[in-house]
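Notes follow once the structure below has been shown.
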There are 2 protein chains.
Amino acid sequence: MNSPGTPQTPGGDRSSRSGGSTRSAGTTRPNEHAASGRGALNRDLIVSAAIEYVDEHGLAMLTMRRLGEHLGVEAMSLYRYVNGREDLLEEIVRRMVDGLHVDRARRELLAGPGWQAYLQWLAHAVRRLARQHPQLFPLIATRHPAAPWLRPPLRSLDVVEDFLATLVDRGFTMENAVMAYRAFTSYLLGYLLLEVSTISGRTVAEDSLTEVANSPPPSPIPLDDYPHIQRVETLLSQDHTDLEFELSLEDMLDRIERLLASDLT
Amino acid sequence: MNSPGTPQTPGGDRSSRSGGSTRSAGTTRPNEHAASGRGALNRDLIVSAAIEYVDEHGLAMLTMRRLGEHLGVEAMSLYRYVNGREDLLEEIVRRMVDGLHVDRARRELLAGPGWQAYLQWLAHAVRRLARQHPQLFPLIATRHPAAPWLRPPLRSLDVVEDFLATLVDRGFTMENAVMAYRAFTSYLLGYLLLEVSTISGRTVAEDSLTEVANSPPPSPIPLDDYPHIQRVETLLSQDHTDLEFELSLEDMLDRIERLLASDLT
DNA sequence: ACCTGAACACCGTTCAAGT
DNA sequence: ACCTGAACACCGTTCAAGT
């Protein structure tokens, strides 16, 4: 019966679009909500606690009731500030990705003058984010984008605006900026999703209560019948991830550059 | 109390590894389970029904109870054949990906003699799969791989074995085959995840009961403050997906080729 | 203004019991 | 051998009620 367009909750308006983005997301001083007294609940705090909780226990464990408990509050209280579980997940994603937005001046400093330097900086920032929150990155990657100009993992209007503005500043046509945006996002998405999913392997206990003596051999798949896999097993298990990222990123930038050149013919 | 290592269910052993892989997965004659009489329930049928159900209603709607209802059976009956919901999801993924495995002779015919032709063929096969089951592809993409040699979206031992064997046959060293495997999977994963997620936008009703007059304007995000996004809005909404896929795929193959060349120095 | 108790409809899963 | 009824623990969510 309640029209979902009007949240009626405080903090429902994209919390402080310009102010809050410089302090890196998810950094609520961790002691503060331990001493939760009376009206110490609000949207930002809930989202921070949720991120913390997922980092520690995994996404499947994030439950309105458990999150309430984690905050020392009944689950129903959360609904004052968050429009249900879906809204909470969406807000988590927004908060994490918005951390990538910095104002123009600071961006110039960080990234240097060229478009390659900017894309290098952005790619590394996204990678840092993914590796800091391996449980959350799949959420960023697969939640349905609200619009075609919010391609994962760059799911923030601010960040996409930065992206396009920077490239156009550096001489890209609109068409080329869009193609670069497409190439950049799909490269980053695929690479980081795979890197993160092989890393976070058994970082999380998943459900650490009942299954303790169960997982030590995660799954000793018998590789008879698969001679080639068997032969490269050790190769595949190694992670030369750092070097591989740099090289494939450079390749991707070269591809964009080639794209520009072919445009002048 | 029950040790989870011993499923005690029929079909628990990775159903007929050599026999069942040639008939393309997901092809249970669709009329058959309409006339479900007595013992007409089995693992394959359950998995097929689940795939059908997700294609139609979306992943979030797939529930043991609803799937039971869809099959004309009480939900509890499913537990004879499927080791819980997680096991069902895993089996769905396996069934879909196994459809990419064809025997060597047939593969030569389809793909031609070169490694490029094989990778072209495989890439298009995966893309076909992704577009046929847009609701399921994110599952393939993000479910935790059981081993590092099962990188999404190629989550099948048979398919990965095919991949490596074919490349080594064509003269790749093991190291290069593995690098190609890495590059191929992360390219395909990123590209297809983004293509599918922008396509399946509102293919599914999500929950078509209560919210009917709600979604027509999916989310008219106000784009003031975002001049560049606004200017490229129409560009970003277009889908030149087919051509883009071919071009970026060729680029990726070129990258592998360059990789081989640099190896000879 | 902010939180809670109680309730509703719905989950996944187990197990003794039916046929 | 195969399916079901009943039950358990746990969800998300609503709303009148407490403070």
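Convention: sequence-line order gives letters A, B, ...; per-chain numbering from 1.
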For this session: Measure from the side-chain N and O atoms of A:R43 to the backbone N and O of A:Y81, and report whether any donor-acceptor pair falls under 3.5 Å.
Result: yes

Problem set entry | Greater than 12 external heavy atoms within 6.0 Å of B:E233's CD | yes

For this session: Take atom CG of B:L71 and atom P of D:dC3, then tell me their distance rounded to the nearest Å.
Result: 11 Å

For this session: Mind calculating the distance between CG (A:D87) and P (D:dT14) to the nearest angstrom?
Result: 12 Å

Exercise. Counting only heavy atoms not in B:Q132, do more than 12 sit closer than 6.0 Å to its CD atom?
Worked result: yes

Exercise. D:dT4 pairs with which nucleotide, Watson-Crick or G-U wobble, both distances below 3.5 Å?
Worked result: C:dA16

Exercise. Any salt bridge (Lys or Arg N to Asp or Glu O under 4.0 Å) pairs touching residues 131-151 of chain B, not counting sequence neighbours?
Worked result: B:E86-B:R143, B:E90-B:R143, B:R131-B:E195

Exercise. Which nucleotide, in any strand shown, forms a Watson-Crick or G-U wobble pair with D:dC10, with both distances under 3.5 Å?
Worked result: none

Exercise. What's the shortest heavy-atom distance between B:A125 and B:L100, and which atoms?
Worked result: CB-CD2, 3.7 Å

Exercise. Ignoring hydrogens and geometry, is there a side-chain-to-backbone donor-acceptor pair from A:E161 to B:I229 under 3.5 Å?
Worked result: yes

For this session: Write down the distance between CG (A:L78) and C1' (C:dT4), rounded to a whole number of angstrom.
Result: 12 Å

Problem set entry | Distance test, side-chain N/O of A:S77 to OP1/OP2 of C:dT4, below 4.0 Å | yes

Seminar exercise, completed: Quick tally for nucleotides 5-13 of chain D: nucleotides whose base has a protein heavy atom under 4.0 Å get B, sugar-phosphate-only ones S, the rest -, giving BBB---BBB

For this session: Answer yes when B:E69 and B:R66 have at least one side-chain N-carboxylate O distance shorter than 4.0 Å, and no when they do not.
Result: no

Problem set entry | Side chain A:Y191, main chain A:R127, donor-acceptor under 3.5 Å | no

Between the protein and nucleotides 17-19 of chain C, are there any N/O to N/O pairs under 3.5 Å, and if so, what are the atom names and distances?
none

